Structure formats: C-alpha cells, structure tokens
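Read the structure below first, then the notes.
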Number of protein chains: 2
Amino acid sequence: MERSQTLSLRERQKEGRRARIIAAAKSLFVEAGLDNITIEAIAEIAGVSSVTVHNYYGTKSGVLLALVAESDRELLETLDRNLAAPPPDLVNLVLRFFTLICDHTLTHLDKPVWRQVISASISGTEPRFSKLYRELDHRLASVLIREIENMKAAGRLDDDTNSIHLGWALFNLQNARFIEFIASDSKHQDQALRDLRNDLNALLPR
Amino acid sequence: MERSQTLSLRERQKEGRRARIIAAAKSLFVEAGLDNITIEAIAEIAGVSSVTVHNYYGTKSGVLLALVAESDRELLETLDRNLAAPPPDLVNLVLRFFTLICDHTLTHLDKPVWRQVISASISGTEPRFSKLYRELDHRLASVLIREIENMKAAGRLDDDTNSIHLGWALFNLQNARFIEFIASDSKHQDQALRDLRNDLNALLPR
DNA sequence: CAAAATTTTTTAGTCTACTAAAAATTTTAC
DNA sequence: GTAAAATTTTTAGTAGACTAAAAAATTTTG
C-alpha cells in the first residue's frame with residue numbers, strides 16, 4: 001500500500017478495477033456458473049460499466065482466463081513447497097502430485113467452472129487460453145521430470161530411464177484422471193486416486 | 001427406397017429433413033467452423049426454416065452431436081474390422097489403435113470441428129454430449145481390453161495381468177496424445193505417434 | 001373428398017455478447 | 001489553476017441463438 005511513488009494514481013485505479021472485476025467474476029461464476037452470468041452483472045458488482053469489462057478483458061472467457069492465470073501461479077508454488085520431501089517410489093510420487101493438483105483446483109474454483117476452463121483450452125476459440133494451458137502443462141510435467149531425475153540421482157530408479165519420456169507419460173496419465181474427475185460431478189477424489197493407482201500398477205513393473 | 005410400407009410419408013419426410021440438415025451442417029462446419037456458421041445458413045441449405053432446425057436438434061451443438069454420433073458408429077465398426085489380426089505386442093497394439101482413431105476422425109471432420117466436439121463433451125453444458133462421449137470412451141476402452149485378453153489367451157502376456165486396469169491405462173494414455181493431436185493444428189499425426197511410442201516404451205517393461 | 005391431426009413456417013420478440021463513437025469525467029503536467 | 005491527455009461511461013446499434021404462439025400447409029383418416 002506504500003508504493004504510491006512507483007505507481008501513478010491512474011495505474012493504481014486501473015489495478016483496483018481489474019481486481020474488483022475478477023473478484024466479482026470469481027464469486028459469481030462459482031455461485032451460478034459461467035453461462036448464467038452476464039457481463040452486466042459482473043460490471044455492476046465491480047462498480048464499473050459493462051463496456052469497461054470488455055475493454056479490460058475482451059470477452060467473458062477473457063475474465064475467466066485471468067482468474068485461472070492467478071490460480072496457476074499458486075499451484076506451481078504449492079507443488080514446489082509440498083513435493084519437497086520426495087516419495088520413495090514412482091507410484092507414490094504421481095499419486096501425491098495428483099492429490100496436490102486436485103486439492104488446489106477445488107479450493108479455488110468449483111468443478112463446473114473448471115470444466116469451462118478445460119473446455120475453453122481445447123476449443124481454441126480463445127488462443128490465449130490454449131497457450132496458457134500448454135504452458136501450464138509444460139511446467140507441471142517439468143516438475144515431475146525434475147522429481148524423477150532426483151530419484152535417479154538418489155539411486156532409486158534405473159540409470160537408463162529416460163526422465164523426459166517417463167515424466168510426460170506419467171503426467172498424461174494422471175491428467176486423464178484429473179480431467180475425468182473434473183468432468184463428472186459424482187466422481188470423488190478418492191475414487192479418482194484409486195483409479196490412477198490402478199493405472200500405474202498395471203503399467204509399471206514392480 | 002422400397003420401404004414405403006413401413007414408413008409413412010410423414011416419417012420419410014422427417015427423415016429426409018433430418019438428413020439434409022446434418023449434411024448441410026457438416027459441409028458448412030468443415031468449411032467455416034462452428035462459430036462462423038448460423039443456424040439460418042444451415043436451414044437455408046437444408047431447405048427448411050431455422051425454427052425447424054431448432055425443433056429438430058434443439059441447439060447448434062445438438063446438430064454437431066448428431067454428426068458425431070453417426071461418426072462414432074462407423075469408428076467402432078472400423079476398429080472391429082481392422083484390429084482383426086492382433087499385433088504381436090502391447091506397444092504395437094496401442095499404436096495401431098491410435099492410428100486407426102486418428103485416421104478415422106480426420107476423414108469425417110477436421111481438427112477445428114473436433115475441438116468443438118471434445119470441448120463440448122467436457123463443458124457439460126449439453127449433457128447429451130458428455131454422455132455420448134463417456135459411452136464412446138467406454139466402448140473404445142473395451143476394444144483394447146478385449147484385445148489384451150486375446151493376447152493373454154494366446155500366451156503373449158503374463159497371466160496375472162489385470163486386463164481391465166491395463167486396458168484403461170493404455171486407453172487414457174493414447175487418448176491424451178489424441179487430444180493433444182487434435183488441439184494443435186501444427187501437430188502431425190506421425191509426431192503424435194512417436195510421442196505415444198515414447199510414452200509406452202518409458203512405462204512398459206521390455 | 002372433407003374433416004381431423006400433424007407439422008412446418010411465419011411472425012414477433014427476448015436476451016446477451018460484443019462494438020463503435022460521442023460525451024463526460026478525472027488525472028496529469030505545466 | 002488550467003489546458004491537455006487519458007480513460008471511463010453513455011448511448012446506440014448489430015448479430016445471432018433461442019422461444020412462443022398464431023397461421024399456413026400437408027398428410028392422414030374415414
């Protein structure tokens with residue numbers, strides 16, 4: 001709050017509007033779902049005009065994108081913090097990774113909203129969405145790859161393992177279960193975890 | 001054309017309109033993309049009013065759904081026909097499976113349209129879409145599971161392999177690469193195939 | 001062939017995202 | 001404090017999905 005020297009009044013006001021808009025959108029989206037919310041409603045709660053929302057974020061999906069970008073930053077921090085003590089084996093590494101991701105996503109937004117996010121990332125209508133998601137996937141896979149290399153260095157994994165290929169394979173596997181988890185309201189997280197464990201046990205040599 | 005006894009004139013006309021609508025939609029979707037096509041345009045080419053299109057299919061996504069349902073039926077037939085001679089090992093089974101799916105999807109619709117399909121199946125806005133997709137995934141995974149059991153019966157696979165778990169794991173793995181393939185215009189099918197091969201080699205014991 | 005039943009079309013209208021331009025407001029710079 | 005610059009709001013409008021009800025057309029039925 002003491003940085004009035006670096007940011008002009010105008011910039012601070014803009015920042016404030018931005019923050020108010022995504023805060024309003026977040027609560028409304030979770031409350032009623034993306035499709036049932038109008039830009040008008042967001043604008044009203046944020047105390048700006050609907051045209052301003054458009055000028056700031058372009059489209060309704062643009063607002064959602066901003067929401068998600070924020071959440072992504074935190075997820076990567078969370079992973080770095082909580083994967084610190086590396087699990088003893090591959091299966092538990094992936095299960096832990098999966099659990100952290102599920103926990104994180106649900107504390108920020110709910111399933112219906114995440115569905116819209118994943119949906120938008122695939123549809124390609126909003127190229128920024130696709131880009132953001134590709135980048136996030138890359139960063140997440142990198143976390144797994146890093147951990148695999150740590151395990152290799154610690155002698156807990158065969159030396160001729162290809163960390164990059166294995167990392168991506170495991171990421172894709174858990175991501176499929178993540179999407180399945182998000183796509184269905186009735187799918188519980190512990191069930192998804194069991195399914196993933198079955199996947200891993202069926203594939204990996206013991 | 002000789003079944004005027006079983007189908008009344010009215011039913012045949014309805015059938016005809018239905019067929020004309022999805023044929024019109026198919027060509028228009030591929031030509032210009034879902035978002036750039038209006039119901040009006042579909043109706044005009046099909047020779048009906050726009051209200052009729054709504055009455056028949058509900059929403060624009062509903063039209064797309066009908067298109068996809070048709071394609072699904074054919075895909076399952078194709079798989080049954082072409083997987084007849086079972087490949088010698090797991091990796092080649094999955095690679096073949098993947099190739100058949102990619103080939104089939106691209107002969108029917110193009111990537112932009114398939115993106116909308118996958119996107120709609122996840123968004124959950126159109127519950128029928130999600131349902132159709134869950135069912136298709138189930139059937140596709142069942143094909144893999146069946147082939148795995150054949151391999152087990154032929155002694156080419158360990159007897160204590162859990163076919164169901166392994167089948168789903170492999171399906172999810174190839175499906176992740178399929179979605180990646182569809183999501184990006186620049187991703188070529190042979191590159192996707194190489195990626196999938198790397199996934200499989202990294203995971204499966206040799 | 002005429003009445004009844006069915007279905008489509010026409011008509012009219014709502015809703016909301018999104019856009020462009022003019023008008024009003026507010027910050028900034030001197 | 002005032003002129004200039006930046007930014008928001010107001011205003012006005014387009015487009016297209018979707019809906020409801022009345023009107024028109026067509027098939028079916030006896």
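All values reported here derive from a predicted model rather than from experimental measurement. These numbers come from the heavy atoms of this one structure, side chains and all, not from hydrogens, waters or symmetry mates.
Of the candidate nucleotides C:dT19, D:dT9, C:dT10, C:dT10 has the atom lying nearest to any side-chain atom of B:Ser49. In the set C:dC18, C:dT11, D:dA17, the nucleotide with an atom closest to the side chain of B:Thr38 is D:dA17. Here C:dT26 is the nucleotide among D:dC18, D:dT9, C:dT26 with the atom lying nearest to any side-chain atom of A:Arg10. Side-chain proximity of A:Gln13 to D:dC18, D:dT10, C:dT26: nearest is C:dT26. Closest to the side chain of B:Lys60, out of D:dC18, C:dT9, D:dT9, is D:dC18.
Contact check on B:Lys187 versus B:Asp195 returns a salt bridge, with a Lys/Arg side-chain nitrogen under 4.0 Å from an Asp/Glu carboxylate oxygen.
With hydrogens and angles left out, the side-chain atoms of A:Glu74 and A:His108 include a donor and acceptor closer than 3.5 Å. Using a 3.5 Å distance cut-off with no hydrogens or angles, the side chains of A:Ser123 and B:Gln116 do not pair a donor with an acceptor.
Separating the CG atom of A:Asn55 from the P atom of C:dA20 is a distance of 10 Å, rounded to the nearest angstrom. Look at CG on B:Asp35: it is 12 Å from C1' on D:dA17, rounded to the nearest Å. Separating the CD atom of A:Glu126 from the P atom of C:dA17 is a distance of 14 Å, rounded to the nearest angstrom. Rounded to whole Å, the distance from CD on B:Glu11 to C1' on C:dT7 is 13 Å. Regarding B:Leu34, its CG atom lies at a distance of 14 Å from the P atom of D:dG16, rounded to whole Å.
The residue among B:Gly58 and A:Lys14 whose nearest nucleotide of DNA chain D lies closer to the 5′ end is A:Lys14.
Contact annotation: B:Tyr56 side-chain N/O to C:dT8 OP1/OP2 distance is under 4.0 Å.
The base of C:dT8 has none of its N or O atoms less than 3.5 Å from a complementary donor or acceptor on the side chain of B:Arg17.
For residues 49-96 of chain A, no pair satisfies ring-ring contact (aromatic ring centres under 6.0 Å, His included), with sequence neighbours left out.
Side chain of B:Gln174 to main chain of B:Phe171: a donor-acceptor pair is present (N/O by atom type, distance under 3.5 Å, no hydrogens or angles).
Residue contacts for B:Thr59: at a heavy-atom cut-off of 4.0 Å it reaches the sugar-phosphate backbone alone, with no base atom in range.
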